[in-house]
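Here is the structure we will look at, set down as structure tokens.
Within every chain, numbering begins at 1; the chains are lettered A, B, ... in the order of the sequence lines, protein sequences first and strands thereafter.
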Protein chains: 2
Amino acid sequence: MPDRARRIPEATVARLPVYLRSLAELLDEKESTVSSERLAEMAGVNAAKVRKDLSYLGSYGTRGVGYDVEYLLFQMSRELGLTHDWPVVIMGAGNLGQALANYGGFTERGFPVAALIDADPDKVGRQYHGVQVHHVDELPRLAEEKGIAIGIIATPASAAQAVADQLLEAGIRSILNFAPAVITVPPEASLRKVDLALELQILSFYQQHAPDPAR
Amino acid sequence: MPDRARRIPEATVARLPVYLRSLAELLDEKESTVSSERLAEMAGVNAAKVRKDLSYLGSYGTRGVGYDVEYLLFQMSRELGLTHDWPVVIMGAGNLGQALANYGGFTERGFPVAALIDADPDKVGRQYHGVQVHHVDELPRLAEEKGIAIGIIATPASAAQAVADQLLEAGIRSILNFAPAVITVPPEASLRKVDLALELQILSFYQQHAPDPAR
DNA sequence: ACGACTTTGTGAACGTGTGCACTAGCGGGG
DNA sequence: CCCCGCTAGTGCACACGTTCACAAAGTCGT
Ligand SMILES: NC(=O)c1ccc[n+]([C@@H]2O[C@H](COP(=O)([O-])OP(=O)(O)OC[C@H]3O[C@@H](n4cnc5c(N)ncnc54)[C@H](O)[C@@H]3O)[C@@H](O)[C@H]2O)c1
Ligand SMILES: NC(=O)c1ccc[n+]([C@@H]2O[C@H](COP(=O)([O-])OP(=O)(O)OC[C@H]3O[C@@H](n4cnc5c(N)ncnc54)[C@H](O)[C@@H]3O)[C@@H](O)[C@H]2O)c1
């Protein structure tokens, strides 16, 4: 591994998509270059952080001018692996699973929903927004055939770990978990979680400890 | 401010809800005490971190024994401000707003959906899962009457900042944003965001940089 | 061709978070 | 009653992340 030194910090990786979105806006507005200052304002961070973050990608800026919007957008897409689509599978065709399948925003951003999976025989065979519901047993075949690399867990919390294990079994090593449960994966896999109740509880904490308890 | 020293670090606050969930499970299983080791395993963190985190709440453990599950659960609920309900308002009665209103998990955890708000006159007056859709103009009155302290933004990204401003105007200082847009709030307000596309892009990055590019 | 101006890229200081390893202290058994 | 085993609480070193401040390096106007 030649460029071990240029390993990108986790905190930076988490901000890259925000810069990406800002750059896409700028491209829409036909801006050809952008300064770290401007980009910082759009991304809601400070300018030094933008420069340091971008420097991990390489020296793509021009001193005295700024960054070329289109070129930086390309380089960043490449780094994020967004030059091609990543089909995803949604585990659990309930309330949330259906809502996600209905949502066009994923396909639009390069994450087409290739399949829904459910354990309930009544749901298998149905379709939501053109996405077919399959039985769990078909997961390995589907993953292989459709080149699915990302799994989204939208089952009840009690099934979450088992479902994660099935995903890993099928060779899917990137997992986004919506169930309010702690799940563990081997170190070579990536796991991110979205937990709405947890977010609300954090807001509750700061509300509770606010200097002026508004209401 | 007497106990400035016992200010709880942000990272710790973000973990408290996870401990809380673990404690609730233990209570279900009729466990009366728990060690930091066990709690750490359930929460997916290391034991020293659990002990340090809990020490910010006070010295609620007993050396040689562990923590009393019920007592710790109570103290933590108190600290998180979960001893009473926090009614929430959902801004935007579209796909996502409706799905969230339908979801029982919020009410169950003490965050009842008090109202939906939409700018579209066709939606105003409708009901989803028993939740009434109101016009934006009614927000201040509703906030006041129902004691709403938390707002959830589920509108298109283009409206997000304007909607956030309306929430703040109505005295709501805790905001959870689902729209893929950077919004800014004054320092006395709290803002958290949930951005699914961003999470997928982060997964894409690590997939792209995986030692063995599985597929 | 040059100097004034702009903006990047980065070294260094600082702050926050993590985890080890040890001490303090409780309970239970002999 | 005392000692042994266990586990909470915490000081400390280290890793990671953020921010400042400045030199380096480019542009643009004259
Ligand atoms: N609905 C929401 O708005 C919302 C919001 C936040 C979090 N969540 C969380 O998302 C998860 C799903 O929520 P939901 O409202 O869609 O629940 P749901 O009960 O409507 O759907 C769950 C689906 O998963 C399927 N399922 C169960 N076990 C399975 C297994 N082992 N393999 C495959 N499929 C299985 C069920 O058949 C069902 O169709 C829950 O953990 C919930 O807490 C939901
Ligand atoms: N649907 C999903 O699964 C999903 C997933 C992730 C993120 N999101 C994000 O959540 C947001 C909402 O998504 P959606 O699918 O529900 O969109 P949607 O178009 O179905 O709903 C948006 C709703 O907001 C209302 N609205 C527009 N401007 C408003 C304003 N100023 N004040 C109040 N209401 C207003 C519209 O009338 C509409 O009812 C989007 O930003 C989207 O990117 C949605």
Side-chain angles (χ1 to χ4, degrees), chain A residues 3-19 22-23 26 31-73 75-76 79 187 202 205-206, chain B residues 3-19 22-23 26 31-73 75-76 79 187 202 205-206:
Chain A
D3 49 5
R4 172 62 54 105
R6 255 186 42 203
R7 192 196 116 265
I8 303 182
E10 240 180 275
T12 294
V13 173
R15 282 187 295 267
L16 293 183
V18 182
Y19 300 142
S22 306
L23 288 169
L26 289 165
E31 302 275 352
S32 63
T33 62
V34 63
S35 67
S36 59
E37 197 82 38
R38 177 84 204 286
L39 200 50
E41 193 203 314
M42 295 182 75
V45 299
N46 98 11
K49 207 184 277 184
V50 170
R51 291 199 295 276
K52 186 145 281 186
D53 285 344
L54 296 185
S55 77
Y56 290 112
L57 305 182
S59 283
Y60 297 138
T62 307
R63 293 167 191 227
V65 178
Y67 302 87
D68 183 280
V69 173
E70 202 167 348
Y71 185 59
L72 185 57
L73 192 60
Q75 290 297 343
M76 198 175 287
E79 195 70 34
I202 295 172
F205 173 89
Y206 287 110
Chain B
D3 49 4
R4 172 62 53 105
R6 256 187 42 203
R7 193 196 115 266
I8 302 182
E10 239 180 275
T12 294
V13 172
R15 281 188 294 268
L16 293 183
V18 182
Y19 300 142
S22 306
L23 289 169
L26 289 165
E31 302 276 350
S32 63
T33 62
V34 63
S35 67
S36 59
E37 197 81 39
R38 177 83 203 287
L39 200 49
E41 193 203 314
M42 295 181 75
V45 299
N46 97 13
K49 208 185 276 184
V50 170
R51 291 199 294 275
K52 189 151 283 186
D53 284 344
L54 296 185
S55 78
Y56 290 113
L57 306 181
S59 282
Y60 297 139
T62 307
R63 293 168 191 226
V65 179
Y67 301 88
D68 182 282
V69 173
E70 202 168 345
Y71 185 58
L72 185 57
L73 191 59
Q75 291 296 343
M76 198 175 288
E79 195 70 33
I202 294 172
F205 173 89
Y206 288 110

Quiz item: Between atom NZ in A:K52 and atom P in C:dG15, what is the gap in whole Å?
Solution: 16 Å
Self-check item: Gap between atoms CZ and P, on B:R63 and D:dG5 respectively (whole Å)
Solution: 19 Å
Exercise. Would you indicate whether the side-chain heavy atoms of A:L26 and A:L73 approach each other to under 4.5 Å?
Key: no
Exercise. Could you check which of C:dT18, C:dT7, D:dT18 has an atom nearest any side-chain atom of B:A11?
Key: C:dT18
Quiz item: When the distance from OH of A:Y19 to P of C:dT8 is rounded to whole Å, what number comes out?
Solution: 13 Å
Exercise. Find the distance A:N46:CG to D:dG17:P and express it as a whole number of Å.
Key: 16 Å
Quiz item: Of A:P9 and A:R51, whose nearest nucleotide on DNA chain D comes first from the 5' end?
Solution: A:P9
Quiz prompt | First encountered from the 5' end of DNA chain D, between A:A48 and B:V65 | solution = B:V65
Quiz item: Of all heavy-atom pairs between B:F205 and A:E79, which one has the smallest distance, and what is that distance?
Solution: CD1-O, 3.4 Å
Quiz item: Touch check for B:G64, heavy atoms < 4.0 angstrom, all strands: base, sugar-phosphate only, or nothing?
Solution: base
Practice problem: State, yes or no, whether a side-chain contact exists between A:E37 and A:V50 at a heavy-atom distance under 4.5 Å. | Solution: no
Quiz item: Within less than 4.0 Å of OP1 or OP2 of D:dG9, is there a side-chain N or O belonging to B:S59?
Solution: yes
Quiz item: Taking NZ from B:K49 and P from D:dC14, how many angstroms apart are they, rounded to a whole number?
Solution: 19 Å
Quiz item: Can you tell me how far C1' of C:dT7 sits from CG of A:D68, to the nearest Å?
Solution: 15 Å
Quiz item: For the atom pair OH (B:Y67) and OG1 (B:T33), what is the distance rounded to the nearest 0.5 Å?
Solution: 12.0 Å
Quiz item: Within the pair B:S36 and D:dA8, is there a side-chain N or O less than 4.0 Å away from OP1 or OP2?
Solution: yes
Exercise. Nearest whole angstrom, please: distance from the P of D:dA8 to the CG of B:L72.
Key: 11 Å
Exercise. Quickly work out the A:R38 CZ to C:dT8 C1' distance and round it to whole Å.
Key: 18 Å
Exercise. Would you give the length of the straight line joining atom CG of B:L23 to atom OH of B:Y71, rounded to the nearest 0.5 angstrom?
Key: 13.5 Å
Quiz prompt | D:dG26 phosphate, OP1 or OP2, under 4.0 Å from A:Y67 side-chain N/O | solution = no
